[in-house]
Every structure is written in C-alpha cells, then in structure tokens.
Amino acid sequence: MENELIMQTIPAKTIITRVKKPSYWFGAEYNMNIYRGCSHGCIYCDSRSDCYRNTDFDTVKAKENALEIIRNDLRRKVKSGVISTGAMSDPYNPQEREVKLTRNSLELINAYEFGVDICTKSALVMRDIDILRDIKRHSPVLAKLTITTAEDDLAGKIEPYASTTTERFAALEALVKNDIYCGVLMMPLLPYINDTEENVLKILTQAQNAGAKFVYPAFGMTLRAGNREYYYEKLDEYFPGLKQQYIKKYGDRYNCTSPKMSKLFEVFAAKCNELGLLYDMRAITRAYKMGYEESQLTMF
C-alpha cells in the first residue's frame with residue numbers, strides 16, 4: 001500500500017489472533033492491532049508500561065503488509081466471530097486519516113463476514129459508518145467511545161491529543177443515528193482527579209442524551225513500571241503535590257482503586273437504572289449480538 005510508506009513500519013507475522021477467553025471482554029472471539037504505539041498522549045495509558053517493550057510508544061508505527069496479513073488471517077479462519085480492535089493502540093490515530101489501514105481492514109472484515117468491536121477516543125470513527133452499517137447486515141457490530149471526563153478542559157490535560165469529550169459524544173450520537181450499537185467506556189477514573197460523583201453523573205447524562213446503550217466503568221486505574229514514572233511526571237506538571245498522595249496511598253501497587261469506589265458505584269448504578277443504560281458486560285454482549293448466531297462455521 002503506497003500510503004503506508006509515509007509512516008514507520010514494524011514486521012508482523014499475524015495480526016488477527018484468537019482470544020483465549022471470548023466471554024471475558026464484550027464477547028469478542030478475535031483481537032486485531034494494526035498499529036503499535038499511540039499519539040493521543042493519555043497520561044495514564046497502561047500500554048506505555050515496560051512489559052510491552054515499546055520504548056518509542058508515542059510514535060505510531062504500522063505493521064508491515066498489514067492488509068495482506070489480515071486477508072490471509074481471515075482466509076485461514078474456519079469460524080467467524082467478532083474481531084476486537086483498540087486494546088493496545090487506538091485504531092483511529094491521526095495518521096489513519098491518510099493511510100486508511102483501519103478502514104481497509106474493516107472492508108476485509110466485511111468481505112469475509114466477521115463482526116467487529118471497536119474501541120477508540122477519536123471522532124474519526126464516524127468516517128467508517130458506511131462500512132460498519134454493511135458489516136451489521138451479517139454480523140454483530142459494537143462501538144465503544146472511551147470518555148473519562150465530562151469536561152473538555154480536563155480531557156485536554158489527561159488526554160491531550162485525543163478528540164475532545166464534546167467531539168467523542170458527537171461521534172457517539174452519529175453512530176447511534178446510523179443504527180450502530182454503541183456506548184461509553186468510562187475508564188479510567190483517576191483517583192483524586194476525575195473520580196467524582198459530579199463527573200460520573202455528567203458523563204451518564206451526556207451518554208444518555210447522545211443515545212448510548214451502555215456505560216461500562218472502571219473506578220480506578222492501573223500503574224506499573226514505565227507507565228507509573230510517566231504518569232507521576234505528568235502529575236507534577238498538571239496536578240502539583242498529587243504524586244505524593246499516590247505514593248502514600250498505593251506504593252508500587254498495580255491496581256489503584258479509587259478511594260470512593262463503593263459510593264461511586266452506588267451512584268453510578270442508580271443513575272444507569274434511572275436512565276435505562278446497561279452496565280453489566282454480559283448484558284451488553286447479549287444485546288449487541290442479539291439476532292446473530294453465536295457461532296457460525298464459514299468455509300472459505
């Protein structure tokens with residue numbers, strides 16, 4: 001692909017891999033990461049951790065011969081299913097606007113009649129509504145917009161190069177209007193920053209106004225080597241003094257649960273029930289897969 005030459009590439013043997021526990025994360029049977037690294041600049045991103053051995057995380061790289069590999073991966077699958085993308089690197093990074101690897105991969109997914117589960121912080125997902133509608137004719141489609149704060153100003157600090165919160169809600173609304181099943185990943189809620197009842201309630205209200213079917217939360221965050229150091233550096237820059245609270249509260253702990261988790265979940269669940277928003281993953285999975293066969297043998 002000619003456009004792929006404008007960005008760095010890395011070698012790859014396979015891109016679409018089988019998920020070990022498909023019932024665990026929104027019922028996806030396969031996982032797909034076309035890119036490595038991310039340029040959204042989110043200060044809390046776990047993918048920055050040392051264990052992933054990506055020392056140049058902020059530079060997005062495409063996998064070499066990605067579309068050819070994806071086509072071959074799909075041709076070898078004898079069982080169709082939902083392909084999840086966006087776990088390690090946002091499929092709608094700014095370069096995607098030009099190189100269109102995500103769009104072209106969706107065209108292949110459509111051609112081979114698989115479903116898709118997209119997670120993104122980018123309003124660019126709206127560009128591919130036409131393909132998502134085509135996929136939905138034969139397979140499940142799920143779109144998840146990650147929204148951590150109701151305020152654009154705060155999003156500009158903790159997710160500086162991603163689409164604004166306002167833009168993400170607009171994208172969600174556009175997806176809903178085109179009959180795409182979608183909702184919000186309200187995660188992470190950073191301790192002492194956006195883990196407030198006011199923020200939670202605002203996100204839920206805006207999600208319901210935009211037509212979201214669900215909101216799935218995480219009341220806290222994760223920190224480990226590599227990610228922790230970067231996060232603390234940004235805390236010193238944007239929230240002076242807060243690093244010391246983290247060190248005292250969490251030490252070297254991986255799971256940093258919000259001190260307000262119990263109360264926040266109580267408020268969250270009550271508001272979701274009031275607004276008719278799903279928040280249980282099994283219920284969300286059943287809802288977006290409703291009307292499709294759970295398992296389908298497809299011979300290519």
Side-chain angles (χ1 to χ4, degrees), residues 1-12 15 31-49 52 54-67 69-70 83-109 116-132 143-149 151-175 178 180 182 184-185 187-188 210 227 230-231 233-234 237-238:
M1 180 178 178
E2 292 181 359
N3 284 338
E4 197 173 352
L5 298 176
I6 69 174
M7 67 188 306
Q8 297 182 44
T9 60
I10 56 172
I15 292 177
N31 191 49
M32 178 178 74
N33 284 298
I34 305 170
Y35 297 103
R36 181 169 171 83
C38 187
S39 56
H40 286 335
C42 302
I43 68 173
Y44 50 75
C45 186
D46 180 70
S47 295
R48 197 183 295 277
S49 301
Y52 298 116
N54 188 1
T55 57
D56 195 16
F57 177 76
D58 294 294
T59 299
V60 178
K61 303 178 183 70
K63 303 212 173 145
E64 290 178 2
N65 305 313
L67 298 178
I69 293 172
I70 290 170
I83 300 171
S84 177
T85 187
M88 293 296 296
S89 179
D90 198 308
Y92 290 102
N93 57 72
Q95 293 89 332
E96 166 62 23
R97 191 177 301 277
E98 300 298 328
V99 300
K100 299 182 180 178
L101 290 179
T102 295
R103 180 172 177 83
N104 291 335
S105 70
L106 290 176
E107 291 173 336
L108 287 169
I109 287 170
V116 68
D117 162 16
I118 295 172
C119 175
T120 183
K121 290 189 179 89
S122 175
L124 183 57
V125 65
M126 291 188 290
R127 179 199 63 187
D128 295 338
I129 283 176
D130 58 333
I131 305 177
L132 296 178
K144 309 189 297 281
L145 276 295
T146 299
I147 298 175
T148 62
T149 171
E151 304 298 333
D152 285 344
D153 288 346
L154 181 55
K157 292 180 180 179
I158 64 177
E159 302 152 350
Y161 307 118
S163 295
T164 66
T165 295
T166 300
E167 290 168 339
R168 282 178 247 177
F169 274 123
L172 192 153
E173 187 172 1
L175 288 161
N178 281 275
I180 304 301
C182 59
V184 170
L185 291 184
M187 59 176 66
N227 175 28
Y230 185 84
Y231 182 65
E233 178 184 325
K234 293 302 178 180
E237 181 177 350
Y238 296 118

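Here the OH atom belonging to Tyr52 is positioned 8.5 Å from the SG atom belonging to Cys45, to the nearest 0.5 angstrom. Of the inter-residue distances, the one linking Lys144 atom NZ with Cys119 atom SG reads 5.0 Å to the nearest 0.5 angstrom. To the nearest 0.5 Å, the span separating CG on Leu154 from OG1 on Thr149 amounts to 4.0 Å. To the nearest 0.5 Å, the span separating CD1 on Ile34 from CG on Leu106 amounts to 7.5 Å. Rounded to the nearest 0.5 Å, atoms CG (Leu124) and CG (Asn93) are 8.5 Å apart. Note that CD1 of Ile70 and CG of Asn104 are 9.0 Å apart. Values are rounded to the nearest 0.5 Å.
In terms of heavy-atom proximity, Asp90 sits nearest to His40 at OD2-NE2, 3.1 Å. Summarising the geometry of Arg168 relative to Ala155, their closest heavy-atom pair is NH2-CB, 4.4 Å, with the distance given to 0.1 Å. When all heavy atoms of Thr85 and Pro91 are compared, the closest pair comes out as OG1-CB, 3.9 Å. Across Ser163 and Ala123, no two heavy atoms sit closer than the pair OG-N, 2.9 Å. Residues Asn33 and Ala87 share a closest heavy-atom pair of OD1-N, 3.9 Å. Residue Met32 comes nearest to Ile83 through the heavy atom pair CB-CG2, 3.6 Å, listed as atom of the first residue, atom of the second, then distance.
In this structure, Tyr92 has no ring pair (Phe, Tyr, Trp, His ring centres under 6.0 Å) partners at least two apart in sequence or on a different chain. For Ser84, the side-chain contact (heavy atoms from CB on, under 4.5 Å) partners at least two apart in sequence or on another chain are Ala28, Asn31, Asp117. For the side chain to side chain donor-acceptor pair (under 3.5 Å) test, residues two or more places apart in sequence or in another chain that qualify with Thr59 are Asp56. Residues meeting the side-chain contact (heavy atoms from CB on, under 4.5 Å) test with Thr148, sequence neighbours left out: Tyr44, Thr146, Ile158, Glu159, Pro188, Asn194. With sequence neighbours left out, the salt bridge (Lys or Arg N to Asp or Glu O under 4.0 Å) criterion links Arg97 to no other residue. Scanning for salt bridge (Lys or Arg N to Asp or Glu O under 4.0 Å) contacts around Arg36 gives an empty result, with sequence neighbours left out. Partners of Asp130 according to the side chain to side chain donor-acceptor pair (under 3.5 Å) rule, which considers only residues two or more places apart in sequence or in another chain, are Arg103. In this structure Asp152 satisfies the side chain to side chain donor-acceptor pair (under 3.5 Å) test together with Thr166, sequence neighbours excluded. The side-chain contact (heavy atoms from CB on, under 4.5 Å) test applied to Tyr238 returns Lys157, Lys234, not counting sequence neighbours. Residues passing the side chain to side chain donor-acceptor pair (under 3.5 Å) test with Glu173: none are found, sequence neighbours excluded. With sequence neighbours left out, the salt bridge (Lys or Arg N to Asp or Glu O under 4.0 Å) criterion links Glu233 to no other residue.
Without hydrogens or angle criteria, Glu96 side chain to Leu101 main chain gives a donor-acceptor distance under 3.5 Å. At least one donor-acceptor pair closer than 3.5 Å links the side chain of Ser47 to the backbone N or O of Met88.
In this structure the side chain of Cys42 reaches within 4.5 angstrom of the side chain of Lys121, judged on heavy atoms. Side-chain contact check for Ile131 versus Glu107: some heavy-atom pair is nearer than 4.5 Å.
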Exercise. Between Leu185 and Leu145, is a side-chain contact (heavy atoms from CB on, under 4.5 Å) present by the stated rule, with each step listed?
Worked result: CA-CA 6 Å; Leu185 291 184; Leu145 276 295; over 6 Å; no
Exercise. Is there a side-chain contact (heavy atoms from CB on, under 4.5 Å) between Glu64 and Ile10 once you walk through the steps?
Worked result: CA-CA 6 Å; Glu64 290 178 2; Ile10 56 172; 5.8 Å; no
For this session: Give the intermediate values and the outcome of side-chain contact (heavy atoms from CB on, under 4.5 Å) for residues Arg127 and Lys100.
Result: CA-CA 10 Å; Arg127 179 199 63 187; Lys100 299 182 180 178; 3.8 Å; yes
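Arg48 forms no cation-pi arrangement with Phe57, by the criterion of a distance under 6.0 Å to the ring centre and an angle within 45° of the ring axis.
Between Gln95 and Tyr35, the side chains place no donor N or O within less than 3.5 Å of an acceptor N or O (distance only, hydrogens not considered).
With a 6.0 Å radius and a threshold of 12 heavy atoms from other residues, nucleotides or ligands, Tyr161 has its OH atom at or below the threshold.
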